[in-house]
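Residue indices begin at 1 and follow the sequence shown. Computation of the quantities below employed the complete heavy-atom set of this structure, encompassing side-chain atoms and omitting hydrogens, waters and symmetry-equivalent molecules. Just follow the structure's listing: the first ligand is 1, and inside any ligand the first atom is 1.
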Amino acid sequence: MATIEFLGGAGTVTGSKFLVEAGGRRLLVDCGLYQGLKALRLRNWAPLPVDPRSIDGVVLTHGHIDHTGYLPRLFRDGFEGPVYATRATADLLRILLPDSGHLQEEEAAYHNKRGTSKHTPALPLYTAEEGLKAAEQVKGVGYGEPVSLWSGVRVRFRRAGHILGSAIVTVEVGEGAAPRQVVFSGDLGRYGAPILPDPSPLGEADEVVVESTYGDRRHDPEPIAAQLERVITRAVARGGAIIVPAFAIGRTQELMFHLAGLEKAGRIPTLRTYVDSPMAIEATEIYCAQPEDFEGDMRTMVMDRNCPLHCGDFHLARAPEESKAINTIRGPVLIISASGMATGGRVLHHLRVRLPDPKTTVLLVGYQAVGTRGRLLQGGAKTLKMFGEEVRVRAHVETVHGLSAHADADGLVRWLRTAARPPKRVYIVHGDPAPAKALAARVTGELGWPATVPAYRDRLALD
Ligand SMILES: [Zn+2]
């Protein structure tokens, strides 16, 4: 009897881990880190409910840390099996997992300095070196290539359109003419978004495990380019810097794509632009190295060395000195820098210098979680605490909606409708309780298929 156990991404958007057991073998689909609320983060530190040594293999849907960031810990705790992902995901992990380890080490060092941990010394969940070692174990395979993991279990990756390398994963269990097919959506991209192709059709499936991040929402219908044009035009008229706190992977590249398009069409002036994030720069290089993964127009442009991920007057800041030099630039300048919610990273230095200037515009392009500096700015905060001081906010704060890498509720239902036949059951995962429930209601109401919102550690039979 085959089973699936939900070890993460159940009732929450982080920590994705789904254990498929069949024929006495165990396959873990995604190996994500919990982020956000403390009660969830503590699960990263508790032993995994299943002994890592008993897991035979891992497949990863895409590179984001909430789907991959537990992998170094799995190795440290004795896992020895193979790990498969798409080629681009394997490449991205070589920058993402060491970076995640680096952040863990920084956090431990911070607690040791302040004496704020119960443990002395506080230790990182894993180190940057362990992150790199884990990433080096990931075998990259092509989209559509069937991979036989062991007798009776095969997997296949298809395009999910979420970030570079992202995949819908079909796990095929059993031999003979009619194997059981379990399809994992991973994170699904938006239909009609630039850069990456639309999600592949769902196809044949007995069971579907689908994400529900925006299971109860519709994205803003106003085109992103039009929103950006309006905001940038106003900001240029003010004459100061435009600071964009942005996530290094996905969001930064999509923003560059839109800005380059607006500049070419003469809808905004050519802006002096700085990407001030070593990780965003490396990620963009990985993006541009895999044109075969892009949708048609984009592929042609990159192949012609006319990469639309770089706009007109474009500069990269890798070294800290280059980053500091940006502070002295007067007049309109666009600065894109991590982190996306201004919780840390180089963007804080730019904000500290520029927030007191009423000519400055802060442009928020992603979801801003409660309690972050990004959210406080969005809420009209008059001062912001950083580096132990209160910084006055006289800058204008603008938000552009819809630069999300996730399908909205209509997009999720549209993808489910591409199933070749009604599946036996749909499991709704990777969503907070309300969106997950809302999507389940649409699956049963509009599609007439049985839907379940599994809870953490639910173990359900697949037959
Ligand atoms: Zn993701």
Side-chain angles (χ1 to χ4, degrees), residues 8-18 28-36 40 44 58-71 83 85-97 99-100 103 135 138 143 157-169 183-191 193-200 209-215 217 219 246-255 279-280 283 286-287 290 293 338-341 365-369 402-409 411-412 415 428-432 435-436 439:
T12 168
V13 293
T14 68
S16 279
K17 289 181 207 81
F18 311 109
L28 190 64
V29 178
D30 277 347
C31 191
L33 200 68
Y34 281 103
Q35 295 165 311
L40 292 176
N44 294 329
V58 173
V59 293
L60 303 170
T61 59
H62 66 289
H64 278 149
I65 288 301
D66 58 324
H67 294 257
T68 62
Y70 193 76
L71 190 67
V83 184
T86 64
R87 274 193 276 275
T89 297
D91 286 349
L92 286 172
L93 286 175
R94 279 190 268 278
I95 53 175
L96 282 164
L97 291 181
D99 181 72
S100 174
L103 293 175
V138 180
Y143 286 107
F157 298 90
R158 284 171 309 128
R159 292 168 202 282
H162 169 62
I163 59 164
L164 188 77
S166 64
I168 296 159
V169 174
V183 175
F184 294 82
S185 73
D187 286 357
L188 278 183
R190 280 179 293 133
Y191 283 91
I195 303 181
L196 297 175
D198 285 347
S200 303
V209 180
V210 66
E211 68 125 327
S212 60
T213 314
Y214 289 111
R217 268 181 277 176
H219 290 324
F247 301 94
I249 293 175
R251 200 74 44 90
T252 298
Q253 291 78 23
E254 198 176 334
L255 186 66
M279 195 150 99
I286 293 174
Y287 262 71
Q290 332 240 1
D293 284 359
S339 74
M341 297 187 280
V365 293
Y367 180 73
Q368 306 294 318
L403 267 169
S404 170
H406 285 271
D408 63 4
L412 293 169
W415 179 71
I428 317 274
V429 298
H430 198 285
D432 287 325
L439 184 64

> Would a distance-only check, ignoring hydrogens and angles, find a side-chain to backbone donor-acceptor pair under 3.5 Å from Y287 to L164?
Replying inline: yes
>> Could you walk me through whether C31 and L60 satisfy the side chain to side chain contact (heavy atoms under 4.5 Å, CB included) test, starting with their C-alpha distance in whole Å, then the side-chain angles of each, then the deciding distance to 0.1 Å, before giving a yes or no?
In response: CA-CA 7 Å; C31 191; L60 303 170; 4.2 Å; yes
> Among protein atoms, how many N/O/S atoms lie less than 2.8 Å from the Zn ion (ligand 1)?
Replying inline: 4
> Okay, side chain of N44, backbone of Y34: is any donor-acceptor separation there less than 3.5 Å?
Replying inline: yes
>> The test is side chain to side chain donor-acceptor pair (under 3.5 Å); show your working for H67 and D187 and say whether it passes.
In response: CA-CA 9 Å; H67 294 257; D187 286 357; 3.1 Å; yes
>> Would you compute the distance between atom CG of L188 and atom OG1 of T61 and round it to the nearest 0.5 angstrom?
In response: 9.5 Å
>> What I'd like to find out is whether the side chain of T14 reaches to under 4.5 Å of the side chain of L33, using heavy atoms alone.
In response: no
